[in-house]
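Position 1 is the first residue of the sequence, and the numbers go up from there. Fair warning: this is a prediction, and the values are worked out from it, not measured in the lab. The figures that follow rest on heavy atoms only: side chains count, while hydrogens, waters and symmetry mates do not.
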Amino acid sequence: MDNIDKHIYRRDVLDFVTVATEFCRQLEQCEGSERGEFARMLQQLLPMLYLKASMVEEVEEGVGFVEDIVTEDDYEYVRHQMKLIMRDADDYLDVYCEDFRYSDTPVLCTVSESLADCYQSLRNMVEAFRQGHDEAMEVALYDCLMDFSERWGQLLLGALRAVHELLASGTVDEL
């Protein structure tokens, strides 16, 4: 087993890829979901996704480049479907985002855009694993985990806070 095999086929990596695959599947198939059902699914899946990403032991940077497979249309479809589901609960205020550095007030964010950004990074990685080319899998895993550290981890947590607030408020099923 060479060095690539030692880390892209480890249990921690495979667990992360499995949860990432489920996250992507849920977002791709969310059209027409009820808000309460969708919010409860996110409440369970988002912490697991964060946990599995954070549990992946350090991986080495791969050699090469992996093309993104998520198109702007894919991104917009997923974002728009979530926006339709979340309705008035899509917006949330966040102080842990990049734009806050230039402001003294919280920044308005949306669950739909935050999770679509997570989806984009995760779906690109999942597709590399689905294709099964070791070198591409190595590059995609490294890129996704770097993006988790730098960007989508915070986006996921912001969206989770908004979902928690929606479910805790008792207004999840109101129109």
message: Applying a strict under-4.5 Å side-chain criterion to I, L, V, M, F, W and Y, I'd like to know whether Val70 and Val66 cluster together.
response: no

Leu141 to Met125 - nearest heavy-atom pair and separation: CD1-SD, 3.9 Å

- prompt: Do you know the tightest heavy-atom contact between Tyr9 and Met137?
  reply: OH-CE, 3.8 Å

- prompt: Would Asp91 and Lys83 pass as an ion pair if we require N to O under 4.0 Å?
  reply: no

- request: Mind listing the closest non-hydrogen atom pair of Cys118 and Leu156 along with its distance?
  value: SG-N, 3.8 Å

field: Hydrophobic cluster identity match, Val19 and Trp152, side-chain contacts under 4.5 Å
entry: yes

Any donor-acceptor N/O pair, Ser169 side chain to Leu166 backbone, under 3.5 Å: yes

message: Test question: given the 4.5 Å side-chain rule for I, L, V, M, F, W and Y, name all other residues clustered with Leu84, or answer none.
response: none

Using atom types as modelled, flag every donor-acceptor pair under 3.5 Å from a side chain in residues 23-32 to any protein atom, sequence neighbours excluded.
unit_1, atom_1, unit_2, atom_2, d
Arg25, NE, Glu22, OE1, 3.1
Arg25, NH1, Gln29, OE1, 3.0
Arg25, NH2, Glu22, OE1, 3.3
Arg25, NH2, Glu22, OE2, 2.7
Gln26, NE2, Glu22, OE2, 2.7
Glu28, OE2, Tyr119, OH, 2.6
Glu28, OE2, Arg123, NE, 2.7
Glu31, OE1, Tyr77, OH, 2.7

task: List the steps, then state whether side chain to side chain contact (heavy atoms under 4.5 Å, CB included) holds for Met82 with Glu113.
output: CA-CA 9 Å; Met82 286 188 287; Glu113 187 169 355; over 6 Å; no

message: Side chains of Thr71 and Asp74 only: does a donor on one sit below 3.5 Å from an acceptor on the other?
response: yes

statement: To the nearest 0.5 Å, atom CD of Glu135 lies from atom CZ of Phe65 at 16.0 Å

Separation of Arg151 CZ from Ser121 OG (nearest 0.5 Å): 6.5 Å

- request: Measure across Asn124 and Ile69 and return the closest heavy-atom pair with its distance rounded to 0.1 Å.
  value: OD1-N, 2.8 Å

Pairs touching residues 38-52 that satisfy side-chain hydrogen bond (donor to acceptor under 3.5 Å, both in side chains), sequence neighbours left out: none

field: Residue pair Asp90 / Ser112, side-chain donor-acceptor N/O under 3.5 Å
entry: yes

query: How far apart are the closest heavy atoms of Leu46 and Leu115, and which atoms are they?
result: CD2-CD2, 3.9 Å

query: Would Tyr92 end up clustered with Val163 when hydrophobic side chains under 4.5 Å apart are linked, directly or stepwise?
result: yes

Pairwise side-chain contact, His164 with Arg161, heavy-atom cut-off 4.5 Å (strictly under): no

message: In the structure I gave you, are the side-chain heavy atoms of Arg87 and Arg35 within less than 4.5 Å of one another anywhere?
response: yes

query: CG of Leu157 to CD of Gln154: how many Å apart, nearest 0.5 Å?
result: 6.0 Å

statement: Residues Leu42 and Pro47: closest non-hydrogen pair is O-CD, 3.8 Å

message: Evaluate Asp117 against Tyr75 for side chain to side chain contact (heavy atoms under 4.5 Å, CB included), listing each step before the verdict.
response: CA-CA 8 Å; Asp117 284 354; Tyr75 177 95; 2.6 Å; yes

field: Heavy atoms of other groups near Glu34 CD, more than 12 under 6.0 Å
entry: no

- prompt: Is there a path from Leu122 to Met146 through hydrophobic residues (I, L, V, M, F, W, Y) whose side chains come within less than 4.5 Å of each other?
  reply: yes

- request: Report the C-alpha separation of Thr21 and Phe129 in whole Å, then their side-chain angles, then the decisive distance to 0.1 Å, and conclude whether the side chain to side chain contact (heavy atoms under 4.5 Å, CB included) test is met.
  value: CA-CA 10 Å; Thr21 301; Phe129 272 77; over 6 Å; no

Connected via hydrophobic side-chain network under 4.5 Å: Val139 and Val13: no

query: Can you tell me if Ser149 uses its side chain to pair, donor with acceptor, with the backbone of Leu145 under 3.5 Å?
result: no

- prompt: If you round to the nearest 0.5 Å, how far is CD of Gln120 from CD of Glu72?
  reply: 9.5 Å

